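Working notes, structure below.
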Amino acid sequence: RDAAMGADARFQVSNDVADLSTEIAYLELTLSLAKPHHRLAYLMMILGMLGSTYAVRFDLAQDVTDLDASIRCYEQGLSFFPMGDPARAIMLKVIMDVLNQRLPLRSKEEKTGDTDKIIVLQRERLFLHPAHDHLGRSKILSQLACFLMERIQRNENMADIDECIAYCRWNLKDLPKADFYYSATLDCIASALLRRFEKKAEVVDLEECIIHLRGNLVPSAAVGADKHIATIGKLSHALRARFKHRGEREHIDESIELARQAVRLSTSDAQRSQLINRLESALAARFRYQGAMSDLEEMIELNREDLVLNPADDPLRPNPLAALSGNLQQRFEQRGMMRDLEEAIEIDQEVVMLLPMGKQGRPSALSNLGNTLRRRFREMGNRSDLERAIENYREAVSLATLDDPNRSVPLGSLGDALLERFEYSGAIAELDESIELLLTTLSLHPTGDSRRTWTLHNLSSGLLMRFKHKANMTDLDDCVTCCREDLSLRPAGNPSRSFPILGLATALKLRFQHTDQANDIHEAIQLYRESLHLHSRGHHAYGITQMELASALLLRFRKDQNKVGLQECVRYAEEGLLQHPSGHVWRSRSLEILGAALSTLYLDTGEQAYIDDCLRYLEEALLLRPIGHPLRADILHTLGNALRMRHARSGDVAFLEAALLKHKEAAGYELATVQDRLMGSRAWTRLARATGSESLVDAYASSMDLLDRSILLAGSSIPDSHAQLTHFGHNLLPRDVAMDAASYAIEKHEVKKAVEILERGRAPLFTQLGRYQTPLDELEAVDPKLASRFRALSMAISNASLSEDSTLLKKATLDDAVAR
């Protein structure tokens with residue numbers, strides 16, 4: 001021991017690490033020679049000296065193993081005192097200080113263990129601290145709350161959040177406002193209250209958080225510039241959260257001004273980059289609410305500045321790149337300029353390159369690139385974009401582990417992309433796979449979780465699409481249910497409510513078309529009106545809502561013939577068109593709705609100007625949906641009907657011939673749904689028969705082929721198949737089409753053709769009859785004799801179909817059949 005003290009004396013003069021190492025060696029030897037009869041105070045002294053010397057050597061040599069050794073010495077000394085002994089308090093403080101010194105040098109996992117250990121030590125210190133020493137206790141409370149906050153940021157444990165808030169409230173009662181720890185405690189409690197609000201959505205927590213942050217906003221000698229900037233940023237974030245919850249404009253305006261102030265005060269590139277992100281988030285919230293292009297332009301400028309602050313070799317560069325891509329897509333939706341979308345795709349490709357296989361964030365980057373490629377696909381119709389998007393989503397899903405909280409993002413996007421591909425492939429299996437993926441995505445978020453919203457939105461779209469192809473009313477009812485749940489998760493006044501509102505209104509509008517229930521169309525119109533109030537004029541959602549409201553008013557007019565509703569319909573359609581000038585992606589839909597409204601107005605008033613304007617608008621819409629556009633058939637059908645109206649007024653057969661060609665093209669348009677094609681085929685058939693066109697037989701053949709496809713799409717369910725024929729075929733059954741077509745063929749002395757048509761018309765019906773074979777277990781349990789008789793008759797019918805006479809009949813030539 002004396003030799004160790006001598007080495008320490010030399011170190012005080014030389015400041016040489018070698019002297020410290022000599023001292024440590026002598027102290028370790030002294031500790032090993034200690035006997036059980038040595039007094040406790042003696043052992044404590046040696047352990048204290050050894051722990052302190054290791055810590056001093058770390059300060060000079062920066063070897064973290066010295067801190068490890070120091071902590072072991074102090075912990076060994078602590079073990080000599082029983083729990084509850086006030087003497088433990090000093091050793092607890094020393095251990096905590098060394099742990100805190102080691103914390104920045106540890107790995108992520110090691111930091112977790114050290115933080116947990118510090119919290120345990122601080123709780124014991126709080127218990128042992130004298131009650132009369134308010135200042136000392138306040139320091140312990142403040143440190144304990146801060147370490148709890150650090151753990152909260154890692155695991156979001158509600159018990160830690162509640163404990164942190166309780167300690168902070170206790171501390172604020174005793175601390176003077178001028179004390180450094182008072183400001184630190186205000187910051188800590190505000191952060192914890194904001195976390196609890198995000199978890200439990202209790203407004204009282206958010207309001208208390210804002211009060212504390214405002215109280216901490218005034219700079220003081222105890223608070224440095226960086227701390228003041230951080231407080232401004234947190235208050236901006238809290239006000240943005242209050243805006244999202246309550247939808248009051250002044251809150252988001254103040255949030256933005258505070259965020260701008262923080263950016264101006266920033267003192268480093270790293271800090272400025274972080275503050276720019278917060279300002280951009282606040283502007284994005286106001287843009288979603290108000291739709292002001294000035295906010296979006298400022299966001300894009302901020303993104304570009306952030307890129308300068310994060311050069312190509314910066315690991316954080318993917319973040320501002322992704323933000324810029326998202327905002328360019330927003331501007332594309334507003335202005336419809338393809339260069340914004342092309343730049344967004346280039347940016348997303350750069351992000352994927354910056355995050356190679358194995359890098360954190362690659363699944364998200366792949367999903368973002370998939371989203372932009374899909375958006376270009378919807379605009380340009382290049383299927384390679386959709387295929388690339390699906391490949392990206394599948395890779396992102398494969399890279400995301402089952403416990404990854406963000407796995408739902410690529411999973412849901414893949415389901416949504418398969419919905420789009422189904423529109424072109426027509427493969428029901430893809431549609432079913434898409435819905436299953438979206439249901440799986442939904443199951444990853446519990447009921448009431450706000451993250452369910454977008455999955456519910458996409459799932460409702462899938463169910464709506466399957467209804468359009470299979471006519472199963474259950475799908476449409478489920479779609480309405482999804483939209484209602486989605487709406488319930490978005491608070492009143494929140495601009496994002498427009499998505500489920502529009503989805504629900506569309507589903508109700510479609511259900512009205514099939515059930516003729518007036519309540520559905522009335523509710524749809526009310527929903528569209530609510531959506532209008534969520535956005536100001538100029539916002540892209542405002543123009544879309546105007547169009548769809550006009551469409552709903554048109555449907556209601558056709559039912560109730562209320563002329564006021566028709567005039568309102570035309571007004572909204574005209575305003576909607578003004579919102580979508582030449583070059584805008586939504587212009588063709590605006591032209592289509594306005595054209596349909598004017599054609600109805602023409603039928604009501606008989607004024608030729610309306611039908612002339614209608615044709616002009618629809619011809620422009622058709623040019624905007626060239627061959628290859630998925631919705632071209634809709635315009636063809638609407639234009640064909642308008643041309644027939646024009647013929648009825650003028651008698652000019654050229655209009656009728658043009659109408660026939662439009663319906664014929666719609667019937668043969670492979671990219672359209674089977675139901676849209678069937679509608680075109682029926683119109684083609686009627687016009688061909690009325691005009692004596694030579695294409696009538698082809699029109700009948702087209703109708704029969706499309707009806708066959710409708711039955712196949714319906715699947716194996718008898719009710720589904722019946723609904724498919726009655727809803728979409730409007731009771732146009734295969735036998736009816738076949739009889740009409742055969743009758744016309746006989747009129748034209750084409751008997752062979754007539755027999756072919758009749759045989760073809762029987763096929764779908766026999767296919768349906770075959771599906772009636774069901775197990776007889778339930779019948780046998782109730783009436784065994786009836787079940788036995790039914791089975792015998794079934795076998796007799798089956799054997800008859802395989803008899804020699806039947807086989808010979810099947811082999812008979814067409815000429816024999818014609819002769820018979």
Side-chain angles (χ1 to χ4, degrees), residues 322 325-326 328-330 332-333 336-353 362-400 408-441 454-455 457-466 468-469 503 585-586 588-589 624-635 669-677 713:
S325 170
L328 287 169
Q329 290 178 68
Q330 287 270 19
F332 167 73
E333 297 297 344
M337 305 302 289
M338 279 302 298
R339 65 172 178 268
D340 282 337
L341 185 57
E342 296 293 349
E343 185 181 357
I345 291 172
E346 292 175 5
I347 289 170
D348 286 338
Q349 288 172 335
E350 181 183 347
V351 174
V352 171
M353 291 178 62
R362 182 173 175 83
S364 177
L366 288 165
S367 293
N368 291 339
L369 177 57
N371 293 340
T372 47
L373 287 169
R374 275 173 57 210
R375 188 62 190 89
R376 185 169 69 181
F377 161 73
R378 292 189 209 112
E379 183 60 24
M380 306 299 292
N382 188 338
R383 294 196 192 183
S384 63
D385 281 340
L386 181 59
E387 296 303 323
R388 284 177 61 199
I390 290 173
E391 289 174 8
N392 283 329
Y393 293 141
R394 290 198 187 279
E395 182 185 344
V397 170
S398 69
L399 292 175
S408 61
V409 176
L411 199 63
S413 297
L414 176 59
D416 199 25
L418 290 173
L419 280 182
E420 289 192 76
R421 190 162 72 177
F422 166 75
E423 294 184 48
Y424 295 88
S425 69
I428 285 291
E430 280 198 338
L431 179 58
D432 292 338
E433 181 189 359
S434 168
I435 291 173
E436 285 303 313
L437 284 167
L438 292 169
L439 286 169
T440 301
T441 305
W454 286 112
T455 305
H457 176 73
N458 293 335
L459 179 57
S460 66
S461 299
L463 291 166
L464 190 65
M465 194 177 297
R466 189 161 69 181
K468 290 179 179 178
H469 285 82
V585 291
W586 284 100
S588 64
R589 175 64 174 157
L624 294 174
R625 293 183 186 177
I627 293 174
H629 195 290
L631 300 178
R632 180 176 172 84
D634 293 348
I635 296 291
Y669 195 65
E670 290 289 344
L671 296 181
T673 66
V674 171
Q675 287 68 43
D676 287 340
R677 293 179 63 192
L713 283 172

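These figures come from a predicted structure and were not determined experimentally.
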Keeping S398 on the side-chain end and E395 on the backbone end, is there a donor-acceptor pair under 3.5 Å? yes
Roughly how far, to the nearest 0.5 Å, is the OG1 atom of T440 from the CD1 atom of I435? 12.0 Å
For E333, side-chain hydrogen bond (donor to acceptor under 3.5 Å, both in side chains) partners two or more places apart: R375
Only pairs at least two apart or in different chains count here, so list each side chain to side chain donor-acceptor pair (under 3.5 Å) that has a residue in residues 336-349. R304-E343, S325-D348, R331-D340, E342-R376, D348-T372
Mind running salt bridge (charged side-chain N to carboxylate O under 4.0 Å, His left out) on R394 and E433 for me, showing each step along the way? CA-CA 13 Å; R394 290 198 187 279; E433 181 189 359; 3.8 Å; yes
Nearest-0.5 Å distance, OG of residue S384 to CD of residue E391: 10.0 Å
Is there side-chain contact between L328 and I347, with at least one heavy-atom pair below 4.5 Å? yes
Where is the tightest heavy-atom contact between L439 and L459, given as atom of each residue plus distance? CD2-CD2, 3.6 Å
Nearest heavy-atom contact between L419 and S461 is CD1-C, 4.2 Å
Value for CG (L386) from CE (M380), rounded to nearest 0.5 Å, stands at 15.0 Å
Over all atoms of both residues, closest heavy-atom pair of M465 and F422: SD-CD2, 3.6 Å
Judged by atom type as modelled, is there a donor-acceptor pair below 3.5 Å linking the side chain of S413 to the main-chain atoms of V409? yes
Nearest 0.5 Å, please: how far is CG in D634 from CG in D676? 5.0 Å
Heavy-atom nearest pair, N392 first then G370, reads ND2-N, 4.1 Å
Criterion side chain to side chain contact (heavy atoms under 4.5 Å, CB included) against Y393, the qualifying member of L418, L373, L414, L437: L414
Would you please test N368 and N371 for side-chain contact (heavy atoms from CB on, under 4.5 Å) and show each step? CA-CA 5 Å; N368 291 339; N371 293 340; 4.2 Å; yes
Nearest atoms (heavy-atom pairs only) where S367 meets P410: OG-CB, 3.4 Å
Report the residues that fulfil ring pair (Phe, Tyr, Trp, His ring centres under 6.0 Å) with Y669, sequence neighbours left out, ordered by chain and then residue number. none
Between atom CG of L369 and atom CZ of R388, what is the distance when rounded to the nearest 0.5 Å? 6.0 Å
Walk me through it: do R466 and D432 pass the test salt bridge (charged side-chain N to carboxylate O under 4.0 Å, His left out)? CA-CA 8 Å; R466 189 161 69 181; D432 292 338; 2.9 Å; yes
Check for a donor-acceptor pair, side chain of R625 on one end and backbone N or O of L631 on the other, with a separation under 3.5 Å. yes
Correct closest heavy-atom pair for A365 and V351 would be CB-CG1, 3.6 Å
Heavy-atom side-chain contact between L366 and L399 under 4.5 Å: yes
Could you go through D385 and R374, starting from their C-alpha distance and side-chain angles, then the distance that decides it, and tell me whether this counts as side-chain contact (heavy atoms from CB on, under 4.5 Å)? CA-CA 6 Å; D385 281 340; R374 275 173 57 210; over 6 Å; no
So how far is it from I390 CD1 to D416 CG, rounded to the nearest 0.5 Å? 10.5 Å
Residue M338 excluded, over 12 heavy atoms near CE under 6.0 Å: yes
